[in-house]
Structures are given as C-alpha cells and as structure tokens.
Chemist: 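Structure incoming, see below.
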Amino acid sequence: MGLKNRIIYFVTFTVFVFLGAEIQPLINSAKNDRSPASKIESGTCLELIKSFYSAERKKLTSTVIENTANDPHMFFRSFPPLFYRLMEKNKWEKDFSKLSKVESIMAGDAHMENFGLKFYNGKLRLSVNDYDDLTRGPIFLDVVRLMTSARLAGVEVDEKLAEDFLKKYTKGIKGKNHDFSNVVKDTIESSLGKPVINEHQISIGNKIFIKKRTPNKELTSTQKEEWQKLLHEYGTVKDSYSYVKQSGGSAGLTRFEFLVEKNNELKWIEAKEWAEPAYDVGAKVTPPRESDRYNWIITYDRPYTIPQLSSYNGQTFYLRSIDDRQTGVALIDLHKKDIEDVLMDEAFALGDFHQFFLKDSKDYEKELEKLDYRQLVETVKAMEKEIKAAMKDVTDK
C-alpha cells in the first residue's frame with residue numbers, strides 16, 4: 001500500500017566478528033541500556049538488519065537503504081523486524097507489564113501507510129490492509145508501532161495526542177461506531193465511483209499491462225505454463241510480469257502480476273511471496289503456521305475475490321485480487337493538517353481489527369484505562385531516536 005525515509009566501533013571483539021562468532025555477552029549487556037541500535041548485537045547495525053532476512057533478500061539491503069536514506073519513516077517501514085528487536089532491547093515489557101501479556105492476532109506491521117479502504121462483505125471500510133505480517137503476539141506492540149510511525153511522519157506525539165489516540169483505539173476495541181474524518185469520508189465516496197480496473201495501468205481492450213511496476217521482468221514460457229496451472233480457477237492468463245519491490249517491509253520479495261480472464265471478465269491477480277512475519281523475526285519467536293495466518297486473513301478480510309495460498313518453486317505465495325477501488329493511505333497525498341485526523345481514524349481501525357479476534361477484551365480495556373500517557377509518549381520518542389540512529393549508522397558509510 002501506499003506513504004514516504006552507527007558503524008559500531010569496537011576493538012576488543014573485532015577478531016570474533018571477523019570470524020563470524022556470535023558474542024552473546026555483548027548482546028546481553030547492550031539490552032541493559034539505551035545504547036544505539038548498532039550495539040544490540042555482535043556486529044554493526046547493517047549486519048543486524050541483514051540477519052533478519054534470507055540470502056536473496058540480503059542482496060537487496062544496500063538498495064533499500066539507498067532508497068530510504070533521507071526518509072526516517074520509509075526506513076522504519078522497510079525494516080520492521082528492527083523495531084521489534086529495539087523494543088525488546090529496551091525491555092518494553094517492564095514499562096507495560098500487564099498490557100504486554102495480552103496476546104492475540106496482531107497486524108505485525110502497523111504504520112500509517114498500512115491502512116486503507118478494503119471491501120468487507122460488499123462495503124468499503126477503513127482497515128488494516130496489508131496482511132503479510134499478521135501473526136500472534138502482544139497486540140499493544142501494534143499501538144506503539146503505529147504511534148512511532150506517526151512520530152516519524154511528523155506528528156507531534158505528546159500526552160494529549162496519546163490520550164486522543166487511545167480513546168479512538170478503545171472505541172474500536174469496544175466495537176463502537178466512529179465518525180470518520182472528512183478525508184476518509186471523501187476517499188470512500190470517490191472510491192465507490194472508480195472502476196475495478198485502472199485503465200491507466202491496464203488496456204482492457206488489448207488485455208495487457210500498459211504501466212508496469214518496476215523493476216520488472218517478463219515471465220519465461222515455462223513460468224507462464226506453471227502459473228497458468230496454478231491460476232486455472234481464476235481463468236486464462238492474458239498478460240503477466242514479475243518484479244521485486246525495492247523498499248518497504250516486503251522489499252526483496254518477488255511478486256507476480258497477472259491479467260486473468262474468465263467469462264469475459266478481466267481481473268488483476270497478484271501473487272506475493274510470503275516470508276516469516278516481522279514480529280516473529282525481530283522478537284526471535286516461532287512463527288505461526290502458514291495455514292493459520294491464511295485463516296486469520298480470510299476471517300477478517302472478505303473481498304469479492306477470496307485470496308488463496310499457492311506454492312511455486314518451493315516458496316509460498318499469497319494470491320489476491322487488485323481492486324482499484326480499495327485505496328490505501330499515502331502520506332504524500334495528505335495535507336499536513338489532515339494527517340492527525342487520519343491517524344485517529346487509523347487508531348479506531350486498529351482497535352476494530354484487534355477486537356475482531358479478541359474473545360474477551362474487558363481486562364485489556366481496563367489496562368488501557370490505567371495507561372500512563374507519559375510513559376507511552378516517552379517510549380515512542382525513544383523508538384524515534386533508535387530508528388533515526390540506526391538509519392544514520394547504515395547510511396553514514
């Protein structure tokens with residue numbers, strides 16, 4: 001979806017790092033203070049970031065850093081496991097002991113540009129709209145991550161804003177109604193008038209992509225045959241290409257784009273490569289089964305075309321239909337005066353997402369009422385500093 005982005009110097013352990021040894025004592029000691037990101041592991045911050053990803057994704061790290069070098073929010077977006085490792089290093093559970101124990105389904109990558117309009121049972125709603133990082137864990141981390149996103153996007157996160165945010169979030173948790181901002185209302189109205197397929201990107205008459213995401217590649221004849229078998233329920237593939245996203249949380253993962261026709265109806269089907277959720281990678285915990293993740297998605301997200309999972313070349317791909325009416329929030333499209341209003345809408349939407357999976361939210365609601373807004377603001381500001389320090393570390397080379 002769519003908005004806009006230290007070397008550690010030590011001598012004692014140089015030999016060990018060179019040999020690739022993991023230095024656990026350094027990790028443990030770093031967790032006891034608010035040292036910069038580069039000191040929380042046995043190497044540089046760049047090495048830490050690379051440790052989160054597969055060999056193929058590591059190759060793109062330098063490109064992603066280059067693309068986010070001047071944008072802290074985009075850097076934050078591009079390396080979500082880093083946020084969870086930093087929260088762990090700063091021992092967030094001590095500051096929010098009871099809230100940290102409430103576990104359910106978390107969005108996993110809650111930030112201001114991961115919300116948008118999605119169809120749910122035929123109606124557009126503002127919701128979490130990127131499900132790559134859905135997982136099970138402490139849901140309050142979604143709250144801290146979204147507020148950190150706002151701070152990095154230029155919102156003044158103070159006690160008053162934290163209070164307002166928590167009120168909207170709690171309304172969502174309680175399943176109450178919310179009066180959305182004019183920005184969201186206008187977006188819903190304009191989206192309802194759009195066609196399913198964007199004709200600036202796709203020629204319906206020629207059944208081809210006329211505007212492709214970059215950098216892209218044409219599929220080989222073998223790839224086309226294999227994907228046609230996998231997509232036979234959707235129809236006949238008329239055009240296709242693949243590309244690897246260069247920034248954002250899914251940077252380095254392959255996506256295949258298909259124009260598929262069935263019963264004279266053209267659909268845009270995207271196959272997104274799945275990886276382990278960011279929270280599980282960053283917090284170093286066992287991820288849920290892919291089937292569980294899929295079931296959570298289809299329980300919460302009920303679009304016109306039901307998404308599917310498919311295996312290709314030993315990798316799992318998430319197949320979804322691209323509908324131009326389902327507009328995502330993009331910071332670049334918002335006036336500065338509207339960003340805070342949209343944030344409050346997203347706070348409600350996040351609460352609504354969490355209540356969807358919580359069996360009983362009463363104890364959680366009680367703990368939210370006791371929350372010290374000052375502590376929340378301090379945590380968000382600390383995370384802002386950590387993210388910016390990490391970005392500076394990997395870009396000042």
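These numbers were taken from a predicted model, which means no experiment stands behind them.
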Chemist: Indicate, with yes or no, if the rings of Trp296 and Tyr131 have centres closer together than 6.0 Å.
Modeler: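 Ring-ring flag for Trp296/Tyr131: false, centres at least 6.0 Å apart.
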Chemist: For the backbone of Met106 and the side chain of Asp142, can you confirm whether one donor and one acceptor N or O come within less than 3.5 Å of each other?
Modeler: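 Side chain of Asp142 to backbone of Met106, a donor-acceptor pair under 3.5 Å: no, none is there.
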Chemist: Within 45° of the six-membered ring axis of Phe165 and under 6.0 Å from that ring's centre, is NZ or CZ of Arg151 located there?
Modeler: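 So Arg151 doesn't make the cation-pi contact.
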Chemist: Relative to Phe76, does Arg145 satisfy both conditions: NZ or CZ under 6.0 angstrom from the six-membered ring centre, and within 45 degrees of the ring's axis?
Modeler: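 Cation-pi check for Arg145 and Phe76: passes.
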Chemist: Can we say Arg77 and Asp109 salt-bridge, meaning some charged N sits less than 4.0 Å from an Asp/Glu carboxylate O?
Modeler: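 Salt bridge: no.
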Chemist: Any donor and acceptor pair, going by atom type alone, linking the side chain of Asn263 with main-chain N or O of Glu265 inside 3.5 Å?
Modeler: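 Checked: no pair found.
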Chemist: Within the side chain of Ser190, is there an N or O that forms a donor-acceptor pair under 3.5 Å with the backbone of Thr187?
Modeler: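 Judged by distance alone, yes, a pair lies under 3.5 Å.
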Chemist: Could Glu378 and Arg374 be called an ion pair, given the rule that one side-chain N must be under 4.0 Å from one carboxylate O?
Modeler: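 No salt bridge links Glu378 with Arg374.
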Chemist: May I ask you to say whether Glu189 pairs ionically with Lys185, meaning some side-chain N is under 4.0 Å from a carboxylate O?
Modeler: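 No, this pair does not count.
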Chemist: Salt bridge between Lys362 and Asp360, side-chain N to carboxylate O under 4.0 Å?
Modeler: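 Salt bridge: no.
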Chemist: Is there a side-chain contact between Glu257 and Lys212, using heavy atoms and a 4.5 Å cut-off?
Modeler: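 No. Closest side-chain heavy atoms not under 4.5 Å.
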Chemist: Is the closest basic N to carboxylate O distance between Asp164 and Lys160 below 4.0 Å?
Modeler: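 A salt bridge links Asp164 with Lys160.
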Chemist: Under a 4.0 Å N-O cut-off, is there an ion pair linking Glu367 with Lys101?
Modeler: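 Salt bridge absent between Glu367 and Lys101.
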Chemist: Inspect the contact between Arg213 and Glu270 and indicate whether a charged nitrogen and a carboxylate oxygen are less than 4.0 angstrom apart.
Modeler: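 A salt bridge links Glu270 with Arg213.
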Chemist: What residues join Val237 in its hydrophobic cluster, counting side-chain heavy atom gaps under 4.5 Å, either direct or through other members?
Modeler: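 Other cluster members: Leu219, Trp227, Leu230, Leu231, Tyr234, Phe256, Phe258, Val260, Ile269, Tyr312, Phe317, Leu319.
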Chemist: Can you classify the ring geometry of Tyr364 versus Tyr169 as parallel (below 30°), tilted (30 to 60°) or perpendicular (above 60°)?
Modeler: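 The arrangement is perpendicular - the two ring planes meet at more than 60°.
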Chemist: Ring centres under 6.0 Å, that's the criterion: do Phe353 and Phe357 meet it?
Modeler: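 Yes.
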Chemist: Linking Ile, Leu, Val, Met, Phe, Trp and Tyr by side-chain heavy atoms under 4.5 Å, what else ends up with Ile210?
Modeler: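 Reading the cluster by chain and number, Ile210 sits alongside Ile208.
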